[in-house]
Trainee: 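Got a structure for you, questions after.
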Amino acid sequence: MNHQFNQIVRKGIWLGLAVIGFSGFTVAPAIRFTSSFSKTQSVSGKDSLEQAILYYVNLDRKSKGLPALQLNSMESSVAARHCRNMASGKTPFGHDGAESRAKEIGKHLGSLEAFGENVAFGQHTARDLVAVWLKSRPHRENIEGDFALTGIGWAKDKNGMTYYTEVFTK
């Protein structure tokens, strides 16, 4: 596999672009939010946050005439594990292991035509998270891509910083 990783800093947001070299596999840049976002949305519980992220992703897809993504619990468990690994420092922030996550999902769901992944970390609401992803071309391409299923996970580190992963499959 050909891996490429680029880093840029723009307006206090760290972006790292990972490109994995095989057909149907897209990994959007990793985003770190360094500014605080308004707490305009109250969400209680892990499932509620996942549902809120899915709501805003599908709201954007609907505005583009795209079918809604279906949340898949197996994919969400894979995404959540990646978040826990990043939050604990076991895995660096980014897309390390994305190929393994795609293979694991494919093993459970059958052969995948396409796989994409968005990651981020910071303190913000589901609405803010999706809004920032939509401002980034590669993240938006995953959100608006030709995918049918999604998995969403998040975890907090010991300092309360939240890590997010959304995987997309077809």
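Below, all heavy atoms of this structure are taken into account, side chains as well, without hydrogens, waters or symmetry copies.
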Trainee: Begin from the C-alpha positions of Glu166 and Thr150 and carry the test side chain to side chain donor-acceptor pair (under 3.5 Å) through to its verdict.
Mentor: CA-CA 7 Å; Glu166 183 169 11; Thr150 190; 2.7 Å; yes
Trainee: Provide the closest heavy-atom pair for Trp154 versus Tyr164 in the form atom of the first, atom of the second, distance.
Mentor: CB-CD2, 4.0 Å
Trainee: I'd like to know if Arg137 pairs up with Glu141 as an ion pair, taking the criterion as any Lys NZ or Arg NE/NH1/NH2 lying under 4.0 Å from an Asp or Glu carboxylate oxygen.
Mentor: yes
Trainee: Roughly how far, to the nearest 0.5 Å, is OG1 of Thr162 from CG of Leu129?
Mentor: 10.0 Å
Trainee: Within the structure provided, determine whether Leu69 and Leu149 are in side-chain contact (heavy-atom separation under 4.5 Å).
Mentor: no
Trainee: Could you tell me whether the side chain of Gln51 reaches within less than 4.5 Å of the side chain of Leu71, counting heavy atoms only?
Mentor: yes
Trainee: Do Leu66 and Tyr55 sit in one hydrophobic cluster, given that two such residues count as connected whenever their side-chain heavy atoms are within less than 4.5 Å of each other, even indirectly?
Mentor: no
Trainee: Which pair of heavy atoms, one from Gly151 and one from Ala79, lies closest together, and at what distance?
Mentor: O-CB, 3.9 Å
Trainee: Does the side chain of Val167 come within less than 4.5 Å of Thr165's, by heavy atoms?
Mentor: yes
Trainee: Between the side chain of His82 and the main-chain N/O of Val78, is any donor-acceptor distance below 3.5 Å?
Mentor: no
Trainee: Rounded at 0.5 Å granularity, tell me how far OG1 in Thr169 sits from CZ in Arg101.
Mentor: 13.5 Å
Trainee: Would you give the length of the straight line joining atom CD of Glu99 to atom CG of Asp96, rounded to the nearest 0.5 angstrom?
Mentor: 10.0 Å
Trainee: Donor-acceptor check, side chain of Asp157 to backbone of Asn159, threshold 3.5 angstrom: yes or no?
Mentor: yes
Trainee: Working to the nearest 0.5 Å, report the span between CD of Glu144 and NE2 of His139.
Mentor: 13.0 Å
Trainee: With the side chain counted from C-beta on, respond yes when Leu109 and Glu75 share a heavy-atom pair under 4.5 Å apart, and no when they do not.
Mentor: yes
Trainee: By salt bridge (Lys or Arg N to Asp or Glu O under 4.0 Å), which residues pair with Asp60, not counting sequence neighbours?
Mentor: Lys64
Trainee: Would you say Asn58's side chain and Arg61's backbone share a donor-acceptor pair under 3.5 angstrom?
Mentor: no
Trainee: Report yes if some heavy atom in the side chain of Trp133 is under 4.5 Å from a heavy atom in the side chain of Ile143; otherwise report no.
Mentor: yes
Trainee: Report yes if the side chains of Lys156 and Met161 come closer than 4.5 Å at any heavy-atom pair, otherwise no.
Mentor: no
Trainee: Please tell me if the side chains of Phe168 and Asn118 come closer than 4.5 Å, counting only heavy atoms from C-beta onward.
Mentor: yes
Trainee: For a side chain to side chain contact (heavy atoms under 4.5 Å, CB included) check, start with the C-alpha distance between Leu112 and Lys103, then their side-chain angles and the critical distance, and finish with the verdict.
Mentor: CA-CA 9 Å; Leu112 299 179; Lys103 287 178 185 175; over 6 Å; no
Trainee: Could you check whether any side-chain heavy atom of Phe115 comes within less than 4.5 Å of a side-chain heavy atom of Ile105, counting everything from C-beta outward?
Mentor: yes
